[in-house]
Every structure is written in structure tokens, then in C-alpha cells.
Amino acid sequence: MLPDLSERKAQARRVVRQLKKDYADAECALNFDSPYQLLIATILSAQCTDVRVNIVTKDLFAQYPDAEAMAKAKVPKLEKIIQTTGFFRNKAKNIHAASQALVDQYDGEVPQELDKLVALPGVGRKTANVVLGTAFGIPSGVVVDTHVGRLTRRLGLTDKADAVKVEKELMEAVPKKEWIDFSHRLIHHGRAICAARKPKCDKCHFLKFCPQVGV
DNA sequence: ATCCCGAGGG
DNA sequence: CCCTCTGGAT
């Protein structure tokens with residue numbers, strides 16, 4: 001049973017305060033040097049570690065640094081480069097088509113509106129929110145990936161499984177000015193401490209308000 | 001065997 | 001809501 005909104009807001013304040021203490025300088029772990037490159041790196045990050053994405057994008061961006069170059073690439077060549085990130089056929093097709101759409105519709109630039117980003121092939125809310133927040137500093141939503149979903153459920157900020165529903169509840173409970181850092185820091189905490197399989201509760205600073213304690 | 005900074009389609 | 005797409009890491 002999910003606590004009411006005022007209690008979730010109070011819990012969110014505790015979480016935000018501890019995240020700031022533990023992960024003050026947390027930032028995006030993906031390597032990029034333009035909004036376009038962040039967009040592509042984020043598409044590649046589905047079901048893949050950021051470490052591996054960075055290995056692949058080093059090669060990929062050396063050959064295809066922007067939307068114009070990527071739109072001219074041959075899809076089988078892209079498949080080969082990104083092969084080890086998984087889902088490589090879908091990702092290669094989507095990266096190529098999204099790059100072509102950027103060239104056709106936005107002169108090769110990345111739009112700064114959620115609905116325009118989500119309309120691109122292979123771009124959902126999670127990817128769009130990463131690009132808007134991290135590349136443009138626009139808090140258009142809360143990034144909900146596998147880490148954010150898992151941790152906010154464990155911490156009692158949501159009881160939903162669906163990422164869109166989780167995002168909606170987090171947008172209610174977490175102040176808008178915290179949205180961007182909130183997700184980044186939760187992701188860091190999810191990787192370092194609150195892992196899916198063997199969470200290191202003995203090293204966790206969130207225990208004093210974690211509903212999982214004793215469960 | 002299970003999870004990793006998901007998206008699209010049924 | 002479910003399923004599929006995929007290789008790598010643990």
C-alpha cells in the first residue's frame with residue numbers, strides 16, 4: 001500500500017537530501033560532446049551498461065560524429081559497430097532513421113521539446129528526458145530507467161511497475177528543480193549500493209528511512 | 001539464471 | 001498488460 005502524497009513528499013525530501021550528501025557531483029556517465037551524441041548514446045544504453053556504450057560510441061562517433069554523417073551511413077556497418085550493445089538490429093535501424101529525421105526536419109539539430117524527441121524512432125520518454133535534462137538543462141520529466149524504478153519502489157516513493165506511471169508519481173512527489181539530479185544520483189546509488197541482485201545494505205546511508213529494512 | 005541508464009508493437 | 005529484440009557481465 002503506497003503512502004499518501006504528503007508522506008511520499010516527505011520521503012522524497014529525505015531521499016533528495018541523502019542523495020546530495022552521498023552523490024554531490026554525480027553526473028551522466030555516458031560520454032558525448034553534443035546533444036546529438038548524447039541522444040545516440042542514450043538510445044544505445046538500453047539493456048546495456050554505460051561502460052560498454054562508451055566503448056562503442058568512441059568508435060561510432062569517430063566515424064559518424066553528427067546527424068548528417070550518421071544519416072549517410074550504411075545500416076549494416078552501424079550494426080557491426082554497435083553489435084556488442086545488444087538489440088543491435090533495432091538500435092542501428094533506429095539510430096539511422098532518427099538521424100535522417102533530424103536532418104530532414106530539424107536541419108540536423110536535436111529539438112528541445114519532449115513531443116518532438118519522442119516522435120523520433122527509438123526515442124521514448126526515458127531517452128527524451130535524459131537529453132532534455134542533461135544536454136539542455138530542461139526538467140521536462142523524471143528519467144525512469146531500471147535503476148530509478150527499482151530504487152523508488154524500494155524506498156516507497158511508488159508502487160507501480162510501469163515506467164510512465166512511476167514517472168507520474170515521482171513528478172508529484174519530487175520538486176521540479178530536483179528532477180535532473182535526482183535521477184542521476186539514484187542511478188549512481190543503484191549501481192554502487194542498491195543493486196538489483198545483491199544490494200550492499202551494510203554500506204547504505206538510506207537505511208534509516210528505507211522501508212526494506214527488516215523485510 | 002538474472003540483470004544492464006528501453007522502445008515498439010500486440 | 002504482455003512480448004520481442006540482443007550481447008555482455010555476474
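Each chain gets a letter, A, B and so on, in the order its sequence line appears, and its residues count up from 1. Every value quoted in this text rests on a predicted model; they were computed, and no experiment measured them.
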Original post:
Which residues in residues 151-162 of chain A have at least one heavy atom lying under 4.0 Å from any atom of DNA chain C?
Top reply: none
**OP:** Hey, could you give me each pair passing side-chain hydrogen bond (donor to acceptor under 3.5 Å, both in side chains) that has a residue in residues 65-74 of chain A? Not counting sequence neighbours.
**Re:** none
**OP:** Would you indicate what Ala29(A) reaches in the nucleic acid, counting non-hydrogen atoms under 4.0 angstrom: base, sugar-phosphate, or nothing?
**Re:** base
Original post:
Quick one: what's the B/S/- string for nucleotides 2-10 of chain C, heavy-atom cutoff under 4.0 Å, read 5' to 3'?
Top reply: ---BBBSBB
**OP:** Not counting sequence neighbours, which residues clear salt bridge (Lys or Arg N to Asp or Glu O under 4.0 Å) with Asp145(A)? List them please.
**Re:** none
Subject >> Side-chain N,O (Lys126(A)) to OP1/OP2 (dC4(B)) below 4.0 Å >> reply: no
Subject >> Other ILVMFWY residues reachable from Phe206(A) by side-chain steps of under 4.5 Å >> reply: Val15(A), Val16(A), Leu19(A), Tyr23(A), Val142(A), Val144(A), Val148(A), Leu151(A), Leu155(A), Leu157(A), Val166(A), Leu170(A), Met171(A), Val174(A), Trp179(A), Phe182(A), Leu186(A), Ile187(A), Ile193(A), Phe209(A)
Original post:
Does anything in residues 194-206 of chain A pair up under side-chain hydrogen bond (donor to acceptor under 3.5 Å, both in side chains), and if so which pairs, sequence neighbours excluded?
Top reply: Asp22(A)-His205(A)
Original post:
Considering residues at least two apart in sequence or located in another chain, which fulfil the salt bridge (Lys or Arg N to Asp or Glu O under 4.0 Å) criterion with Lys165(A)?
Top reply: none
Original post:
On a whole-Å scale, what distance lies between the P atoms belonging to dT6(C) and dT2(B)?
Top reply: 22 Å
Each nucleotide N or O in nucleotides 8-10 of chain B that has a protein N or O under 3.5 Å away: list the pair and distance.
unit_1 : atom_1 : unit_2    : atom_2 : d
dG8(B) : OP1    : Gly122(A) : N      : 2.6

Original post:
In whole Å, what separates the P atom of dC5(B) from that of dC1(C)?
Top reply: 23 Å
Original post:
Is there any side-chain hydrogen bond (donor to acceptor under 3.5 Å, both in side chains) pair reaching into residues 41-51 of chain A, and which pairs are they, with sequence neighbours excluded?
Top reply: Ser45(A)-Lys126(A), Asp50(A)-Arg191(A)
Original post:
Taking atom types as modelled and ignoring hydrogens, do the side chains of Gln63(A) and Lys77(A) form a donor-acceptor contact shorter than 3.5 angstrom?
Top reply: yes
Subject >> Which residues share a salt bridge (Lys or Arg N to Asp or Glu O under 4.0 Å) with Arg153(A), sequence neighbours left out >> reply: none
Subject >> For Arg8(A), salt bridge (Lys or Arg N to Asp or Glu O under 4.0 Å) partners two or more places apart >> reply: Glu172(A)
Subject >> Lys80(A): side chain to side chain donor-acceptor pair (under 3.5 Å) partners, not counting sequence neighbours >> reply: none
